[in-house]
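Structure first, commentary second.
Counting convention: from 1, in listed order, for ligands and their atoms alike. This is a predicted model, so every value here is computed, not measured. Hydrogens, waters and symmetry mates are skipped; everything else that's a heavy atom, side chains included, is used.
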Amino acid sequence: METLLIVDGMTCSHCEASVTKALEEVKGVEKVDVDLSTKEVKVTHNDVSNEKLKEAVEDIGFDVSEIK
Ligand SMILES: [Cu+2]
């Protein structure tokens, strides 16, 4: 499955790496693609809930403004 998160607060490659790592640590997440310019984070996963993905990002201090 694929979920697109819009993540606010990412400003540089360090933020990008942090968000990627946090999401990759969620059980069931297979792949994370971050596009800094659009704030889009594409998550490929095996049936992980939107809440879990949102929580992983918010736990490290970024905001999820939209989930598609
Ligand atoms: Cu940064």
Side-chain angles (χ1 to χ4, degrees):
M1 302 173 67
E2 253 180 36
T3 302
L4 195 64
L5 307 174
I6 306 301
V7 178
D8 290 330
M10 296 188 297
T11 54
C12 68
S13 60
H14 182 76
C15 302
E16 179 177 336
S18 303
V19 169
T20 300
K21 184 167 177 281
L23 285 166
E24 280 176 348
E25 282 172 357
V26 177
K27 191 171 184 289
V29 170
E30 287 154 5
K31 191 164 173 271
V32 179
D33 269 310
V34 178
D35 186 334
L36 265 186
S37 62
T38 59
K39 305 193 290 186
E40 290 179 343
V41 178
K42 191 170 80 180
V43 185
T44 309
H45 59 87
N46 183 14
D47 208 15
V48 179
S49 70
N50 286 353
E51 289 69 30
K52 279 228 166 106
L53 298 175
K54 188 168 189 271
E55 203 177 277
V57 172
E58 291 183 342
D59 275 355
I60 58 161
F62 296 94
D63 286 324
V64 176
S65 60
E66 211 179 328
I67 300 176
K68 300 179 187 177

Problem - Over all atoms of both residues, closest heavy-atom pair of Glu2 and His45 - result: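 That would be C-NE2, 4.3 Å.
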Practice task
Considering non-hydrogen atoms only, spot the tightest contact between Lys39 and Asp8 and give its length.
Solution key: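 Looking at all heavy atoms of both residues, the shortest contact is NZ-OD1, 2.6 Å.
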Problem - Connected hydrophobic set around Met1, excluding itself, where side chains approach under 4.5 Å - result: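 Noted: Met1 shares its cluster with no other residue.
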Practice task
Tell me, please, which residues at least two apart from Asp35 pass salt bridge (charged side-chain N to carboxylate O under 4.0 Å, His left out).
Solution key: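 Listed in chain order: nothing, the list is empty.
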Can you give me every donor-acceptor pair (side chain of residues 9-24, partner residue at least two apart or in another chain, under 3.5 Å) with its distance?
from  : atom 1 : to    : atom 2 : distance (Å)
Ser18 : OG     : His14 : O      : 3.0
Thr20 : OG1    : Glu16 : O      : 2.7
Lys21 : NZ     : Glu25 : OE2    : 3.2

Problem - Close side-chain approach of Val29 and Leu53, heavy atoms under 4.5 Å - result: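 In contact.
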Handout entry: Polar protein atoms (N, O or S) that approach the Cu ion (ligand 1) to under 2.8 Å
Key =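 Metal shell, protein only: Cys12 SG, Cys15 SG.
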